[in-house]
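Owing to the predicted nature of the structure, the values given are computational and were not obtained by experimental measurement.
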Amino acid sequence: MCKRIEKEIEFYKDLFSKTFTAFLLTSGGTLTAYHKEGLTSFVIEGTIASAFLLISVLLTGYLYKREIRKLED
């Protein structure tokens, strides 16, 4: 049981780090494009993608913390 939970924790940790990196790159690129060119279709699409990635980061962070609590109990 503990091995399975530990594997799930590693999975969520890896998924969280990758999602967070994608969020930072997307939102950073969107902000840069907005400051250079103003409101373009790329900025609008980047904002939507950044919002989706932020929700994904929050969800994977929640799942990661939940698995840690399971292991502690």
Item to check | pair Val43-Thr40: side-chain heavy atoms closer than 4.5 Å | outcome: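 Result yes, sub-4.5 Å side-chain heavy-atom pair found.
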If I take atom [atom1] from residue [X] and atom [atom2] from residue [Y], how far apart are they, to the nearest 0.5 angstrom?
X: Arg66; Y: Ile9; atom1: CZ; atom2: CD1; answer: 11.5 Å
X: Leu63; Y: Leu58; atom1: CG; atom2: CG; answer: 11.0 Å
X: Leu25; Y: Leu53; atom1: CG; atom2: CG; answer: 10.0 Å
X: Thr30; Y: Phe42; atom1: OG1; atom2: CZ; answer: 5.5 Å
X: Thr47; Y: Tyr34; atom1: OG1; atom2: OH; answer: 9.5 Å
X: Thr19; Y: Phe52; atom1: OG1; atom2: CZ; answer: 9.0 Å

Checklist entry - Relative to each other, are the rings of Phe20 and Phe16 parallel, tilted or perpendicular (30° and 60° limits)? => result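 If you compare the ring of Phe20 with that of Phe16, the planes turn out parallel.
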Next on the checklist: Does Lys13 have more than 12 heavy atoms from other residues, nucleotides or ligands lying within 6.0 Å of its NZ?
Outcome noted: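 Counting other residues, nucleotides and ligands, NZ of Lys13 stays at 12 neighbours or fewer.
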Checklist entry - Is the backbone N or O of Val57 less than 3.5 Å from a side-chain atom of Thr60, with the two atoms forming a donor-acceptor pair by type? => result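 Such a contact is found between Thr60 side chain and Val57 backbone.
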Checklist entry - Ile55 and Ile44: same hydrophobic cluster, using ILVMFWY side-chain contacts below 4.5 Å? => result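 No.
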Item to check | Ion pair Glu10/Lys7, N-O distance below 4.0 Å | outcome: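 Here Glu10 does not pair with Lys7 in a salt bridge, since their nearest N and O are not under 4.0 Å apart.
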